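Since the structure is predicted, the reported quantities are computational estimates derived from the model, not experimental observations.
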Amino acid sequence: MTVEVSVVIACHNAEATLAVQLEALSRQDCPVPWNVVISNNRSTDRSVAIARSFAGRLPGLKIIDAFDRAGAGYARNIAAQATSAPLLAFCDADDEAAPDWLPTMVAALQQHTFVAGRFESRRLNDARTLRSRPLQQDTALQDSPFGPGLPHAGAGNLGVHRDLFLSVGGFDPLVSYLEDTDLCWRIQLAGARLVFQPAAVMHVRLRSSLSTMFGQGRAYGAASALLEKRYSAPAVAGPHSSATETGRSLDPVRVGRTLLRLARTHDSVGAWLWTVGWHVGYRQQPPPHTIPLPSMRLPNSQPAPDSARDHEPSD
């Protein structure tokens with residue numbers, strides 16, 4: 001039976017949450033043949049054992065190694081090369097798909113080549129964690145104060161035609177964070193439109209400790225500096241961006257005021273730490289030159305490369 005859609009999960013030390021996501025996926029009633037590809041990115045915990053325990057409950061489960069390089073984007077690229085399914089649906093190992101997430105995503109991908117679903121935050125987070133940062137992609141696609149003036153979305157709820165994904169080079173492994181923002185912009189600059197489908201719901205799990213809130217803010221700030229450099233010089237124009245927004249640069253003062261306003265709105269230590277972390281990351285040794293765009297095509301050959309060796313699932 002030919003697989004029509006592969007659900008791709010990048011996994012790094014996710015033993016505490018992976019079973020929740022796989023349990024949710026096992027309950028999906030998808031109208032087309034599908035499988036799950038778990039790309040194991042240097043896990044040292046029980047993630048692989050937990051994934052194998054779902055072998056009889058998830059169709060065509062594949063667990064592959066993505067050890068050559070750390071990073072979720074790289075792991076997703078390896079998974080995309082390891083499947084021949086024409087449709088890819090990305091989700092994360094620490095979230096939980098709504099009961100009809102996959103059939104809704106597939107229906108959207110049958111109409112469009114690039115789709116993002118909705119993030120929902122209340123199911124998996126307590127009130128304290130929810131106050132730590134506002135969650136975008138609840139009612140609309142995400143926006144950015146810099147870049148080519150195009151919307152973007154998180155890779156935790158993203159669907160794309162595999163040929164399109166491969167044609168732009170997939171996720172850029174040089175971009176460790178906000179790699180999904182970068183991918184969204186490159187795909188749109190190549191001529192495809194990013195469509196928001198709010199009925200495809202993913203329950204997301206936010207960082208819950210103060211140290212991880214600060215760390216995530218810092219990582220996002222550093223990635224913002226990198227992407228600002230990539231998309232502001234030279235100016236980048238896209239088919240769906242306006243001339244006035246093309247090649248926008250990030251104004252640290254304006255963004256700082258915005259982040260501080262958000263922190264005040266949410267009024268929590270976590271929100272302040274996330275904001276401070278962002279500023280630390282953004283100001284910490286900005287890229288000295290423009291980061292080149294990745295090659296325009298990932299390998300599309302079968303079987304998967306040596307770095308994507310299959311683990312045969314076992315009960």
Side-chain angles (χ1 to χ4, degrees), residues 72-73 90 92 114-119 121 132-158 160 168 171-172 174-198 202 204 206-207 216-263 265-266 271 274-284 286-287 290-294:
F90 296 105
D92 287 344
F114 193 28
V115 177
R118 172 180 168 244
F119 284 150
S121 60
S132 68
R133 56 173 290 210
L135 184 68
Q136 295 190 63
Q137 206 172 313
D138 181 5
T139 59
L141 293 170
Q142 301 184 38
D143 190 20
S144 177
F146 65 98
L150 295 165
H152 56 94
N157 193 355
L158 203 61
V160 64
V168 300
F171 291 96
D172 185 355
L174 293 178
V175 183
S176 300
Y177 289 85
L178 301 185
E179 75 282 356
D180 38 21
T181 298
D182 176 66
L183 175 74
C184 288
W185 287 345
R186 285 189 286 110
I187 287 181
Q188 290 174 93
L189 290 170
R193 187 176 184 85
L194 176 58
V195 175
F196 184 56
Q197 173 48 275
M202 185 65 63
V204 296
L206 302 175
R207 301 293 191 275
Q216 185 182 60
R218 180 176 177 178
Y220 280 22
S224 295
L226 186 153
L227 293 185
E228 175 195 10
K229 194 73 174 179
R230 167 174 281 181
Y231 288 94
S232 64
V236 181
H240 307 298
S241 59
S242 66
T244 57
E245 291 180 319
T246 297
R248 293 182 297 178
S249 294
L250 189 65
D251 179 354
V253 174
R254 181 163 62 89
V255 173
R257 289 171 180 166
T258 300
L259 290 171
L260 288 172
R261 185 167 63 251
L262 290 171
T265 300
H266 287 73
W274 201 98
T275 301
V276 171
W278 189 96
H279 280 281
V280 169
Y282 179 79
R283 286 165 170 76
Q284 219 173 36
T290 301
I291 305 299
L293 292 168

Participant: Between the main-chain N or O of H152 and the side-chain N or O of W185, is there a donor-acceptor pair closer than 3.5 Å?
Facilitator: no
Participant: What closest approach, in Å, do A153 and C184 show between heavy atoms, and which atom pair accounts for it?
Facilitator: N-SG, 3.4 Å
Participant: F171 and A155: which non-hydrogen atoms are nearest, and at how many Å?
Facilitator: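 Heavy-atom minimum between the residues: CZ-CB, 4.0 Å.
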Participant: Could you check whether any side-chain N or O of Q137 sits under 3.5 Å from a backbone N or O of G154, counting only pairs where one atom can act as donor and the other as acceptor?
Facilitator: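 Here the side-chain-to-backbone pair exists.
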Participant: Please name the pair of heavy atoms, one in L141 and one in A116, separated by the smallest distance, quoted to 0.1 Å.
Facilitator: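 Closest heavy-atom pair between L141 and A116: CD2-CB, 3.8 Å.
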Participant: What distance do L183 atom CG and L158 atom CG have between them, rounded to the nearest 0.5 Å?
Facilitator: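 The CG atom of L183 sits 6.5 Å away from the CG atom of L158.
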Participant: Working to the nearest 0.5 angstrom, can you tell me the gap between L150 CG and I187 CD1?
Facilitator: 12.0 Å
Participant: If I compare all heavy atoms of V204 with all of F119, which pair ends up nearest, and what's the gap?
Facilitator: CG1-CD2, 3.3 Å
Participant: Once you round to the nearest 0.5 Å, how far does CG of D143 lie from OG1 of T181?
Facilitator: 10.5 Å
Participant: Look up atom CG in D180 and atom CG in D92, then write down how far apart they are to the nearest 0.5 Å.
Facilitator: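 Going from the CG atom of D180 to the CG atom of D92 covers 8.5 Å.
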Participant: Under the 3.5 angstrom rule, does the side chain of E179 hit a backbone N or O of A72 as a donor-acceptor pair?
Facilitator: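 No; judged by distance alone, with no hydrogens or angles, the pair does not exist.
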Participant: Does R186 reach the side chain of Y231, with side-chain heavy atoms less than 4.5 Å apart?
Facilitator: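 Result yes, sub-4.5 Å side-chain heavy-atom pair found.
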Participant: Does the side chain of V160 reach to within under 4.5 Å of the side chain of F90, using non-hydrogen atoms?
Facilitator: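 Touching, per the 4.5 Å side-chain cut-off.
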Participant: Heavy atoms, side chains only, cut-off 4.5 Å: are R230 and D172 in contact?
Facilitator: yes
Participant: Give, for atom CE of M202 and atom CZ of R118, the distance between the pair rounded to the nearest 0.5 Å.
Facilitator: 12.0 Å
